[in-house]
Amino acid sequence: MRRFGEAHVIAVYAAVANPPAVWYREAAMVDIKLVRAEPQKFIEASRVKRCPVDFGALLDLDGRLLKARQELQEIKTSQNVAGREIARLKDQAKQDAVAKMALLKARTKELDDLIAQLEPKFQEMMLLVPQPPAPEVPVGKDETENVVIRVEGQVRKFDFEPKDHVQLGELLGIIDVPRGVKLAGSRNYILKGAGAMMHYAILRLALDQMIAKGWTLLNVPVLVNESVMYGTGYFPLGREQAYLCERDGMSLAGTAEVPVTAYHSDEILDETELPRKYVAFSTCFRREAGAAGKDTYGLYRVHLFDKVEQVVLCRNDHQASLDHHKEILANSEDVLKALELPYRVVNVCTGDLGQGQVQKFDIETWMPSRKNYGETHSASRFHEFQSRRLNIRYRDCGGAVKFVHTLNNTVIASPRVLIAALELYQNADGSVTVPAALRPYMNGMEKIAPRKG
RNA sequence: GGAGAGGUGGCUGAGUGGCUGAAAGCGGCGGUUUGCUAAACCGUUGUACGGGGUAAUGCCCGUACCCUGGGUUCGAAUCCCAGCCUCUCCGCCA
């Protein structure tokens with residue numbers, strides 16, 4: 001059985017002058033051959049996704065690199081031929097032949113230098129080229145132009161004045177924002193007692209549902225090499241969102257998607273081993289750079305949260321990708337249905353789509369305090385975007401080596417979903433009924449009641 | 001953290017300057033033999049890029065790749081330097 005690929009091509013691209021070194025994979029990003037063949041398609045993708053790339057400069061660089069490499073290859077051929085010759089020559093004839101080689105060597109050096117100069121620029125630009133979105137993705141400028149495609153469950157009407165999750169959390173003694181801020185600054189919090197129990201209960205419910213469906217549970221590193229961040233597409237564009245441990249050249253992943261998707265990087269799998277379906281729990285770290293002043297209240301947008309994530313690696317087949325996309329969406333809906341929370345599914349528009357995503361469906365769960373649905377899940381499919389960057393391939397039945405397709409979706413993320421759960425399950429007296437599905441995970445607790453005193 | 005050993009193809013493992021993209025074995029694939037399986041025997045078996053060719057696949061030529069990067073040399077898996085990673089022993093530790 002073939003398991004590991006041999007091409008662990010991780011190159012250091014260091015701006016020679018200053019650390020930190022930037023890591024990337026030498027393996028292709030988006031397929032440059034496709035960009036050459038249909039530049040218009042990528043120019044359009046760049047426009048609607050709002051990922052600016054100078055394709056004129058990119059193709060120019062590509063052309064010059066290609067030309068230099070072709071000449072270099074020809075020179076190498078003559079060098080190899082001459083080298084074999086020299087081994088057989090003697091004395092004066094040998095001296096003459098060696099002298100001739102010097103000329104070739106000088107040209108080789110020139111070409112090497114040229115390539116060494118152009119290559120990093122080319123790679124840098126290639127890392128910015130977006131994956132073209134699927135035709136069924138609505139064109140739009142930002143999240144306000146996402147299209148609702150389905151609404152599930154009934155939004156609760158209260159016959160009393162409902163409290164928000166922070167008020168409930170304080171009243172019940174299960175959420176402590178001030179002390180979270182004391183320890184770790186803004187956007188931090190502490191879950192306590194039944195609040196922490198409900199947090200773990202939700203995550204465990206999600207894990208158990210996925211395990212029951214036959215998904216493979218992984219426990220993965222969340223402090224990862226930069227190459228993994230580049231490979232999954234979070235770098236370079238999302239670098240501002242990540243906590244970096246620069247001394248060690250590592251960063252904290254914002255989601256288990258990162259290590260789980262990279263799990264098979266630099267490997268060649270066998271088609272019979274596909275699809276691979278993984279589920280993993282991880283703590284997620286996000287700087288929320290650029291979100292200053294946005295969603296500052298409560299547990300909606302925080303620097304650290306816990307999440308159960310699902311990741312699929314499947315055949316390089318459009319239909320297979322579509323089928324798995326439906327599957328991972330349904331898996332997440334199953335968790336919300338078990339929790340009996342109302343939600344809707346939206347088709348995310350081009351402007352709100354990530355660089356690598358072909359299409360994305362967000363699930364938004366009803367949050368009474370926001371008087372709106374709030375994003376709780378994000379189901380994406382990438383086609384080859386991530387697998388090219390990570391070099392994840394498989395051998396198909398005919399023996400051809402192809403890049404896998406990757407997909408991922410939140411199974412559940414907490415505490416964000418606690419906003420919906422606590423607020424929707426609250427009672428007039430300030431207590432919160434524990435959703436039936438969570439009781440087995442909370443020692444049978446049925447209700448979280450206000451503290452005495 | 002201290003001391004040592006080592007990184008070669010799917011795996012094991014040979015290879016100390018040109019005839020080595022790489023011996024041998026295992027595994028995989030194809031075939032012969034056989035009532036079936038097994039065994040035996042024969043053949044075959046990396047990836048990427050560029051060029052040529054085809055209706056297309058097969059195919060042909062070239063280049064690169066023996067952890068990564070740099071250096072020495074006409075020529076590097078082989079010599080030198082730096083880095084990364086793995087293993088063993090000791091120490092520390094959830």
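All figures in this text were calculated on a predicted structure; none of them were measured in a lab. Numbered from 1 within each chain, the chains take letters A, B, ... in sequence-line order.
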Visitor: So if I take residues 110-117 of chain A and measure heavy-atom distances to RNA chain B, which residues fall below 4.0 Å?
Guide: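 Result for residues 110-117 of chain A: none.
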Visitor: Counting side-chain heavy atoms from C-beta on, which of B:G50, B:U47, B:G18 comes nearest to A:Q70?
Guide: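 From the listed options, B:G50 comes nearest.
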Visitor: Considering only the P atoms, how many Å lie between B:C67 and B:A14, rounded to the nearest integer?
Guide: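 Between the two P atoms, the distance is 15 Å.
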Visitor: Identify whether any heavy atom of A:L104 sits under 4.0 Å from a base atom; if not, whether one sits that close to sugar-phosphate; answer base, sugar-phosphate or nothing.
Guide: nothing
Visitor: Between B:A48 and A:R393, is there an OP1 or OP2 to side-chain N/O distance shorter than 4.0 Å?
Guide: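 Result: yes.
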Visitor: Kindly state each residue pair satisfying ring pair (Phe, Tyr, Trp, His ring centres under 6.0 Å) with at least one member in residues 304-331 of chain A, sequence neighbours excluded.
Guide: A:H318-A:H383, A:H325-A:F361
Visitor: Do A:N408 and A:R381 make a side-chain contact, defined as non-hydrogen atoms from C-beta onward lying under 4.5 Å apart?
Guide: no
Visitor: It should be established whether A:R395 places a side-chain nitrogen or oxygen under 4.0 Å from OP1 or OP2 of nucleotide B:U45.
Guide: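 No.
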Visitor: Suppose you measure atom C1' in B:A48 against the same atom in B:A55; what distance do you get, rounded to whole Å?
Guide: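 These two C1' atoms come out 27 Å apart once rounded.
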Visitor: Give me each pair satisfying salt bridge (Lys or Arg N to Asp or Glu O under 4.0 Å) with a member in residues 50-60 of chain A, each pair once, sequence neighbours excluded.
Guide: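 Every pair satisfying salt bridge (Lys or Arg N to Asp or Glu O under 4.0 Å) with a residue in residues 50-60 of chain A: A:D60-A:R64.
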Visitor: OP1 or OP2 of B:G75 less than 4.0 angstrom from a side-chain nitrogen or oxygen of A:K105, does that happen here?
Guide: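 The answer is yes; a side-chain N or O of A:K105 sits under 4.0 Å from OP1 or OP2.
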Visitor: Heavy atoms from C-beta onward define the side chain here; which of B:A48, B:C49, B:C74 lies closest to that of A:K33?
Guide: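 Given the options B:A48, B:C49, B:C74, the side chain of A:K33 is closest to B:C49.
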Visitor: Roughly how many Å apart are B:C11 and B:U88, using the C1' atom of each and rounding to a whole number?
Guide: 23 Å
Visitor: Pick the nucleotide of RNA chain B nearest each of A:R36 and A:G399; which residue has the one closer to the 5' end?
Guide: A:G399
Visitor: Over all heavy atoms of both residues, which pair between A:A45 and A:P130 is shortest? Give the atoms and the distance, please.
Guide: C-CG, 4.0 Å
Visitor: Looking only at the aromatic ring of each residue, does the gap between the centers of A:Y200 and A:Y441 stay below 6.0 angstrom?
Guide: no
Visitor: I'd like a list of close polar pairs between nucleotides 92-94 of chain B and the protein, N/O only, cut-off under 3.5 Å.
Guide:
none

Visitor: Counting only side-chain nitrogens and oxygens, does A:Q79 get under 4.0 Å of the OP1 or OP2 atom of B:G75?
Guide: no
Visitor: Which value, in whole Å, describes the distance between the P atoms of nucleotides B:G27 and B:A38?
Guide: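 To the nearest whole Å, 12 Å.
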Visitor: Could you tell me how far B:G21 sits from B:C61 if I compare only their P atoms? Round to whole Å.
Guide: 15 Å
Visitor: Verify the distance criterion only: is there a donor paired with an acceptor across the side chains of A:N347 and A:Q359 at less than 3.5 Å?
Guide: yes
Visitor: Where along nucleotides 61-66 of chain B does protein come under 4.0 Å, by heavy atom, of base (B) or sugar-phosphate alone (S), with - for untouched nucleotides?
Guide: -BSS--
Visitor: Determine all donor-acceptor pairs shorter than 3.5 Å in which one atom belongs to a side chain in residues 93-104 of chain A; sequence neighbours excluded.
Guide:
from	atom 1	to	atom 2	distance (Å)
A:D96	OD1	A:Q92	NE2	3.0

Visitor: Is the distance between the ring centroids of A:H303 and A:Y189 under 6.0 Å?
Guide: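 Ring-ring flag for A:H303/A:Y189: false, centres at least 6.0 Å apart.
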